[in-house]
Amino acid sequence: MPTTTRAVLSLAEIAVFAPLVIARRTARMLTSGFPPPAREVREFHRMWAEKVDGFSRAAVVLVTSKPGPETLGRALEPIRTRVRANARRLG
């Protein structure tokens, strides 16, 4: 598969799954009550840690690689992987 196509497909997957993950997590936040149970607190912490990790990895790829579609595809990979995994897990 050409590298441009791979990058576009990664963007499309992120665009489809990210809103689902956001909606599920928002619903959990709204229904968990106050103070939230330990399970929900762990999920909130996980949410922030995943963002820092995924975007840090993407930034490293972007800064250390030659610009182009292949670099974009590699930079999107950690974000796409997390979004898909969360969509499955939060199911």
Side-chain angles (χ1 to χ4, degrees):
M1 176 182 313
T3 56
T4 304
T5 304
R6 198 170 317 142
V8 170
L9 288 175
S10 290
L11 280 171
E13 269 190 277
I14 292 168
V16 168
F17 289 117
L20 296 173
V21 171
I22 292 167
R24 289 176 182 146
R25 281 182 165 161
T26 301
R28 285 176 68 163
M29 285 181 203
L30 293 173
T31 60
S32 66
F34 187 82
R39 176 180 176 222
E40 298 306 321
V41 171
R42 283 191 305 273
E43 183 66 28
F44 301 157
H45 287 287
R46 179 182 187 152
M47 176 176 61
W48 289 105
E50 287 175 346
K51 286 175 181 19
V52 170
D53 180 58
F55 285 105
S56 297
R57 289 174 188 243
V60 167
V61 170
L62 290 172
V63 169
T64 60
S65 301
K66 181 180 170 186
E70 182 178 339
T71 299
L72 179 61
R74 287 189 11 237
L76 289 172
E77 189 59 28
I79 298 166
R80 184 191 68 81
T81 302
R82 288 288 189 169
V83 169
R84 284 190 61 160
N86 284 332
R88 281 190 206 119
R89 184 175 57 79
L90 296 171

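Predicted model only: the values in this text are computed from it and were never measured.
Taking each heavy atom of P37 and S32 in turn, the nearest pair found is CD-O, 3.4 Å.
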Any chance you could lay out the side chain to side chain contact (heavy atoms under 4.5 Å, CB included) test for V41 and H45, step after step, and finish with the verdict?
-> CA-CA 6 Å; V41 171; H45 287 287; 3.4 Å; yes

Worked check of salt bridge (charged side-chain N to carboxylate O under 4.0 Å, His left out) between R46 and E50 = CA-CA 6 Å; R46 179 182 187 152; E50 287 175 346; 3.0 Å; yes

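Distance check: I79 CD1 to E77 CD gives 10.0 Å after rounding to the nearest 0.5 Å. For the atom pair R89 CZ and N86 CG, the distance stands at 4.5 Å (nearest 0.5 Å).
In the displayed structure, R28 atom CZ is contacted under 6.0 Å by more than 12 heavy atoms of other residues, nucleotides or ligands.
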Please tabulate, for side-chain N and O atoms in residues 7-24, each donor-acceptor pair with protein atoms closer than 3.5 Å (sequence neighbours left out).
from, atom 1, to, atom 2, distance (Å)
S10, OG, R6, O, 3.2
E13, OE1, R80, NH1, 3.2
E13, OE2, R84, NE, 3.2
E13, OE2, R84, NH1, 2.7
R24, NH1, A87, O, 3.2

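Grouped by direct or indirect side-chain proximity (heavy atoms under 4.5 Å, Ile/Leu/Val/Met/Phe/Trp/Tyr only), M29 sits with F44, M47, W48.
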